[in-house]
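To start, the structure itself, in structure tokens.
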Amino acid sequence: MSYTIDTIKKLEAKWQEFWRKSKTFAADSSTKKPKYYVLEMFPYPSGKIHMGHVRNYTIADVIARFKKMQGFEVLHPIGYDAFGQPAENAAIKHKTDPAKWTHRCIDEMHQEFEKMGFSYDWDREIATCDKEYYKWNQWIFLKMIEKGLAYKKASAVNWCPSCETTLANEEVIQGECWRCKTEVKQKDLNQWYLKITDYSERLLEDLETLKHWPERVKTMQKNWIGKSYGVEIYFKVEKTKEALPVFTTRQDTIFGATYVVLAPEHPLVEKLVAGTKEEKAVAQFVEKISHVSKTDRVAGGLKKEGIFTGLYAINPVNNERMPIWIADYVLMEYGTGAIMAVPTHDQRDFLFAKEHKLPMRIVIKDPKRPDISADDLKEAFEDEGALINSAQFNGIGNVESLEEIADWMEAEEIGKKVIHWRLRDWLISRQRYWGTPIPVIYCDACGVVPVPEKELPVELPEDIKITGEGGSPLAKCKEFVNVKCPKCGKAAQRETDTMATFFDSSWYYLRYISAHNDKEIFDTKDAATWMPVDQYIGGIEHAILHLLYSRFFTKFLNDLKLVKFEEPFTRLLTQGMVLKDGEVMSKSKGNTVDPDAVIGKYGADALRLFILFAAPPEDQLEWNDNAIEGSWRFLSRVWNLAETKYQKDVKDDAPAESDKDLEHDRNVAIKKFTDDIEKGFKFNTAISSIMVLLNSVDKHLKGKQGAKAVSQTAINKTIETVIMLLAPMTPHLCEELWKMLGKKDKTISDVAWPACDESMLVLDEVQIVVQINGKLRAKFQMPVDLSEEELKEVILVDDKVKEYIADKPIKRFIIIPNKIVNIVV
RNA sequence: GGGCAAGUGGUGGAAUGGCAUACACGAAGGACUUAAAAUCCUUUGGCUGAAAGGCUAUGAGGGUUCGACUCCCUCCUUGCCCACCA
């Protein structure tokens with residue numbers, strides 16, 4: 001057989017069918033072997049896979065197959081994150097319904113995965129849009145209501161006018177909708193929230209336990225959770241009974257606070273100015289600001305608008321009168337929506353104070369300019385220094401003073417220490433059709449009534465018209481909406497919002513454990529066997545969203561005593577993006593490469609190999625049409641070597657003199673390949689180690705560079721090793737070659753991973769590099785482990801070395817065993 | 001503005017503080033061929049030299065060290081994330 005694309009296509013199809021039929025990659029929960037759970041972030045079923053999928057899932061597949069050959073019982077499942085808005089849009093466009101469209105896409109996607117040769121346990125395939133799955137979404141939701149973690153609240157929410165739905169804070173990226181990039185508006189709505197904030201502390205603390213997560217992801221989560229220690233200080237408002245709470249992390253600057261600012265939306269604003277002469281102007285200002293979108297308010301940058309209320313607050317530490325202002329740079333969402341302004345030590349306050357000619361007082365001494373006056377400041381001094389103008393705290397370093405001042409404020413009842421979190425509760429209501437119905441009924445008599453557990457699932461009606469004309473389609477479906485109250489039996493209405501799809505993906509890794517269990521969410525015993533996920537692989541774009549939500553769900557399920565662990569994913573690998581011409585591949589840019597076309601031209605194995613070889617998994621990967629030719633060529637070299645140089649049933653084959661050299665190279669390759677994968681999934685260098693081995697075989701076969709002939713036994717052994725090492729990466733080819741060699745294993749994935757013979761790694765002779773004053777001057781071929789005297793005997797008599805040393809005295813003679821000698825003269 | 005990465009040939013990239021540029025792509029030359037493709041062989045950081053060799057080079061500058069792509073400091077550039085967060 002010759003190595004042509006037709007041969008490859010046939011054999012790839014053959015092995016894919018074989019794996020499917022013989023369930024080669026079914027995971028056995030009753031196994032005695034050590035377990036290994038490899039998981040990739042499941043795809044949204046768009047129908048077509050793109051290079052990002054190929055990369056993500058090839059990485060996972062290599063790990064799964066590698067671990068299986070190493071003797072682990074591997075769980076490697078796949079499913080589809082199948083609810084969501086694109087299905088609704090497609091349904092409108094193609095005049096079909098979202099369910100049909102989605103299921104067709106899932107089928108297509110499934111085919112593509114098989115064509116890539118991914119080693120999934122197909123019996124565990126799930127789709128979140130199936131009622132067998134989303135029933136358990138609803139079940140979790142009911143449990144959350146029970147525990148007080150799901151609640152309904154009227155509030156200003158993020159609203160995407162284009163998607164016509166609400167968004168969670170995590171879904172708003174720089175003021176824009178994460179999906180369609182439309183500017184997000186604020187809207188007052190009554191919506192369902194999950195109390196993720198109850199878990200702030202645990203979500204933050206347990207990041208420490210995630211030793212094998214990228215620092216970057218942990219930092220992003222830490223910043224998102226945003227824990228800050230500070231003080232809530234109460235400022236009495238002059239001539240009223242109001243006490244205005246202000247949150248600050250900079251209580252060290254309290255003696256420098258010269259005015260107070262409220263957010264325009266602050267609830268006290270209206271009350272405070274009522275009946276004063278400023279009332280009208282303030283109302284106008286608030287009205288004006290309310291029309292400016294949040295993005296514009298931020299984009300306005302340094303220009304800060306504000307208005308004086310005519311009122312004064314009393315600074316509790318020195319009884320000074322501080323004017324109360326209202327300004328757009330103070331946000332209602334953070335802290336108490338009110339700040340104490342310290343213009344000398346906060347740049348924003350500084351700019352505002354300059355603009356509106358408000359007083360300033362320095363309270364931290366700048367070590368570089370100790371005598372500067374507030375009037376001469378060009379900008380706020382935000383670095384560290386000793387306190388001044390701060391009564392009994394003068395002279396203390398401002399950082400050290402934080403705790404002391406906070407304690408003093410508590411003792412004096414001026415304020416209390418508080419911890420503030422940036423993390424907000426998770427808004428999960430979506431005014432969309434294609435999602436999990438929120439299992440709640442509204443009854444005039446009984447109020448909010450959760451659907452009883454035994455009535456789950458609340459099915460999503462499928463014979464519904466998606467018009468795209470706005471409004472929730474479910475609300476228009478009378479058969480769905482009108483029900484009897486489960487409590488009193490009177491007429492009642494169902495909730496017509498559906499859940500955010502991030503709810504679905506927050507626990508799917510547990511459903512794979514018992515994908516078909518209709519009695520419970522998952523089998524807790526099997527979950528204890530398989531979980532947590534040993535290796536999770538996906539894109540960095542989920543660093544906050546999905547990964548934070550999944551951690552939250554796991555902790556909740558832990559509280560329900562359904563799982564014993566606190567964290568779902570032990571190791572996380574975030575793979576880099578696939579680029580073309582320096583830009584991210586995307587449909588809108590028109591620079592995509594269709595994996596299917598590449599498979600058609602070179603086969604799945606060559607595509608897999610290229611994507612692994614082109615860059616380390618975490619880096620960006622530049623697509624290169626030429627380089628995939630290189631992968632194809634390399635595989636054809638392997639094929640030809642196995643086909644023409646391997647001899648079955650070799651007898652009376654005398655060992656050759658050079659066998660030791662090839663054996664050395666073979667063992668080096670095994671060691672390097674195995675280490676590279678185990679110590680950091682460095683597939684690119686792992687592959688290069690096989691290439692090096694292949695070059696070495698070539699050298700011996702052709703007698704290049706003085707290499708001598710080796711025995712057939714040694715050649716055979718090397719060819720077998722190459723095929724075994726490559727098997728996780730290019731499985732089709734390796735299965736075929738393994739059979740070609742006459743091996744009887746059912747599949748190559750059953751073959752034990754090749755062991756490295758450490759004794760073969762040691763050479764008799766090594767090259768010693770001689771440096772003189774750190775510069776490379778000579779090289780010697782010498783026996784290993786020579787003593788200093790023996791080395792000197794050879795090196796110091798060498799003419800060249802002598803020339804460089806001349807008559808200078810040798811100061812030091814540094815030896816790096818079997819590598820380098822550095823002579824310092 | 002803050003945080004985190006990263007900066008090495010024409011390109012992708014490799015180097016527990018110890019021979020910088022492994023491996024591959026591309027390019028050039030050659031063999032085979034009527035020719036092309038495929039395959040095989042050779043060369044390939046820069047400067048210099050007939051050659052042996054010499055000098056030089058990992059964003060810039062400094063430092064530590066016998067020795068620095070690697071560690072430390074300052075700066076520059078790029079990418080990503082966060083951001084009037086009090």
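What's counted below: heavy atoms across the whole structure, side chains too, no hydrogens, waters or symmetry copies. Labels below follow one simple rule: chain letters A, B, ... track the order of the sequence lines, proteins then strands, and each chain is numbered from 1.
Within 4.0 Å of Gly630(A), counting heavy atoms only, lie sugar-phosphate atoms of the nucleic acid but no base atom. If you check every strand for non-hydrogen atoms under 4.0 Å, Lys775(A) touches sugar and phosphate atoms only. Within 4.0 Å (heavy atoms only), Asn695(A) reaches sugar-phosphate atoms of the nucleic acid but no base atom. Among the atoms of the strands shown, none is found under 4.0 Å from any heavy atom of Arg424(A). Looking at heavy-atom distances under 4.0 Å, Asp625(A) makes no contact with the nucleic acid at all. Backbone-only contact: Arg250(A) has heavy atoms under 4.0 Å from sugar-phosphate atoms and none from a base. Contact annotation for Asn223(A): no contact, since no heavy-atom pair falls under 4.0 Å across all strands. Residue contacts for Arg812(A): at a heavy-atom cut-off of 4.0 Å it reaches a base atom on one of the strands shown. Contacts of Gln767(A) with the nucleic acid, taken as non-hydrogen atoms under 4.0 Å apart, include base atoms.
With C1' as the reference atom, G17(B) and C69(B) are 11 Å apart, rounded to whole Å. Spacing of C1' atoms, A22(B) relative to U58(B), comes out at 15 Å, to the nearest Å. Here, C66(B) and C80(B) have their C1' atoms 40 Å apart, quoted to the whole Å. Taking atom P in both U8(B) and G79(B), one finds a spacing of 14 Å when rounded to whole Å. Taking atom P in both G1(B) and C75(B), one finds a spacing of 13 Å when rounded to whole Å. G7(B) and C41(B) have their P atoms separated by 34 Å, with the value rounded to a whole Å. Atom P of G26(B) sits at a distance of 44 Å from the matching atom of U74(B), rounded to the whole Å.
Just one of Phe634(A), Tyr602(A), Trp639(A) meets the ring pair (Phe, Tyr, Trp, His ring centres under 6.0 Å) condition when paired with Tyr3(A); it is Trp639(A).
Comparing Ile816(A) and Asp619(A) by the nucleotide of RNA chain B whose heavy atom lies nearest to each, the residue mapping closer to the 5' end is Asp619(A).
The base of C19(B) lies outside donor-acceptor range of the side chain of Gln771(A), with no N or O pair under 3.5 Å. Residue-to-nucleotide contacts include a donor-acceptor pair under 3.5 Å from the side chain of Asn822(A) to the base of C66(B).
For the pair Arg777(A) CZ and G67(B) C1', the interatomic distance rounds to 14 Å; values are reported in whole Å. For Tyr3(A) and U39(B), the OH to C1' distance is 15 Å, given to the nearest whole Å. Nucleotide U11(B) holds its P atom 17 Å from the CZ atom of Phe613(A), rounded to whole Å. Distance NZ (Lys819(A)) to P (A15(B)): 13 Å, rounded to an integer number of Å. For the pair Tyr334(A) OH and A86(B) P, the interatomic distance rounds to 4 Å; values are reported in whole Å.
Considering only side-chain atoms of Met691(A), the nucleotide from A24(B), A86(B), C4(B) that sits closest is A24(B). Among C84(B), C85(B), C19(B), the nucleotide with an atom closest to any side-chain atom of Arg422(A) is C85(B). Taking the side chain of Lys779(A) as heavy atoms from C-beta on, and the options C41(B), C82(B), C19(B), the nearest nucleotide is C19(B). Taking only side-chain atoms of Pro616(A), from C-beta outward, the nucleotide of C85(B), G13(B), C41(B) with the closest atom is G13(B). For Gln620(A), counting side-chain heavy atoms from C-beta on, the closest listed nucleotide (C82(B), C41(B), G79(B)) is G79(B). Proximity note for Lys702(A) (side chain, C-beta onward) versus C19(B), C25(B), C41(B): the nearest is C41(B). Out of A24(B), C19(B), G18(B), the shortest distance to the side chain of Ile814(A) is found at G18(B).
A distance of 6.0 Å or more separates the ring centres of Phe308(A) and His356(A).
Counted within 6.0 Å of CE on Met691(A), heavy atoms from surrounding residues, nucleotides or ligands total more than 12; the atom is thus considered enclosed.
Of all heavy-atom pairs between Leu635(A) and Leu733(A), the closest is CD2-CD2, 3.8 Å.
Using a 4.0 Å cut-off between charged nitrogen and carboxylate oxygen, Glu320(A) and Arg361(A) count as a salt-bridge pair. Here Lys417(A) pairs with Glu403(A) in a salt bridge; the nearest charged N to carboxylate O distance falls below 4.0 Å. Under a 4.0 Å N-O distance rule, the pair Glu629(A)/Arg633(A) does not qualify as a salt bridge.
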Trace of the side chain to side chain donor-acceptor pair (under 3.5 Å) decision for Ser688(A) with Thr685(A): CA-CA 5 Å; Ser688(A) 83; Thr685(A) 49; 5.7 Å; no

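Applying the salt bridge (Lys or Arg N to Asp or Glu O under 4.0 Å) test to every pair with at least one member in residues 682-702 of chain A, sequence neighbours left out, gives these pairs: Asp698(A)-Lys702(A), Asp698(A)-Lys704(A).
RNA chain B contains the following stems of three or more consecutive Watson-Crick or G-U pairs, with both distances under 3.5 Å: B:1-7 with B:76-82, B:10-12 with B:23-25, B:26-31 with B:39-44, B:45-48 with B:53-56, B:59-63 with B:71-75.
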